[in-house]
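All heavy atoms count here, side chains included; hydrogens, waters and symmetry mates do not. Residue numbers start at 1 and run along the sequence shown. What you see is a predicted model; the values in this text were computed from it and never measured.
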Amino acid sequence: MLSTSTPFDVQNELKNFLKNGRLSKKLSRRKLSELSGVPNGTIQTFEDTSRISLRQFLLLYAVIYDLDDITNLMEKRLPRTMDEVLKNA
């Protein structure tokens with residue numbers, strides 16, 4: 001399936017999503033670091049460059065949002081090809 005987004009675009013969107021969530025909850029980077037166990041410098045680097053490990057991203061996400069959101073994404077994946085539609089019929 002073709003996408004108009006690149007992996008880099010999605011990475012930036014995820015960074016903005018978490019940063020906006022942090023700000024809306026009025027969490028400083030330092031407080032988020034304390035709550036998540038992710039070093040403050042890593043959070044700063046992530047917000048500046050969009051680069052972070054998956055594990056650290058999930059630790060941050062769990063503080064700001066509900067980690068079940070991500071689990072549910074995997075369960076609700078829609079078929080992308082006709083073969084997948086037919087396979088699940």
Does the side chain of Leu67 come within less than 4.5 Å of Leu58's, by heavy atoms? yes
Can you tell me if Arg22 uses its side chain to pair, donor with acceptor, with the backbone of Leu27 under 3.5 Å? yes
Please examine the side chains of Leu32 and Ile64, heavy atoms only from C-beta on, and report whether any two atoms are closer than 4.5 Å. yes
Do Ser36 and Gln56 touch side chain to side chain, with heavy atoms closer than 4.5 Å? no
Minimum side-chain heavy-atom gap Val38-Phe46 below 4.5 Å: no
Going through the checks in order, is the side-chain contact (heavy atoms from CB on, under 4.5 Å) test met by Ile52 and Thr42? CA-CA 7 Å; Ile52 194 167; Thr42 299; 4.2 Å; yes
Please give me the minimum heavy-atom distance between Asn40 and Ser33, naming the atom from each residue. N-OG, 3.2 Å
Exercise: do Asp9 and Thr6 side chains pair donor with acceptor under 3.5 Å: yes
Lys15 side chain reached by Gln11 side chain, heavy atoms, under 4.5 Å: no
Which atom of Leu18 lies closest to which atom of Leu60, heavy atoms considered: CD1-CB, 4.0 Å
Closest heavy-atom contact between Arg29 and Ile43? O-CD1, 3.7 Å
Would Leu59 end up clustered with Leu54 when hydrophobic side chains under 4.5 Å apart are linked, directly or stepwise? yes
For Leu23, check side chain to side chain contact (heavy atoms under 4.5 Å, CB included) against everything at least two apart and list the hits. Lys19
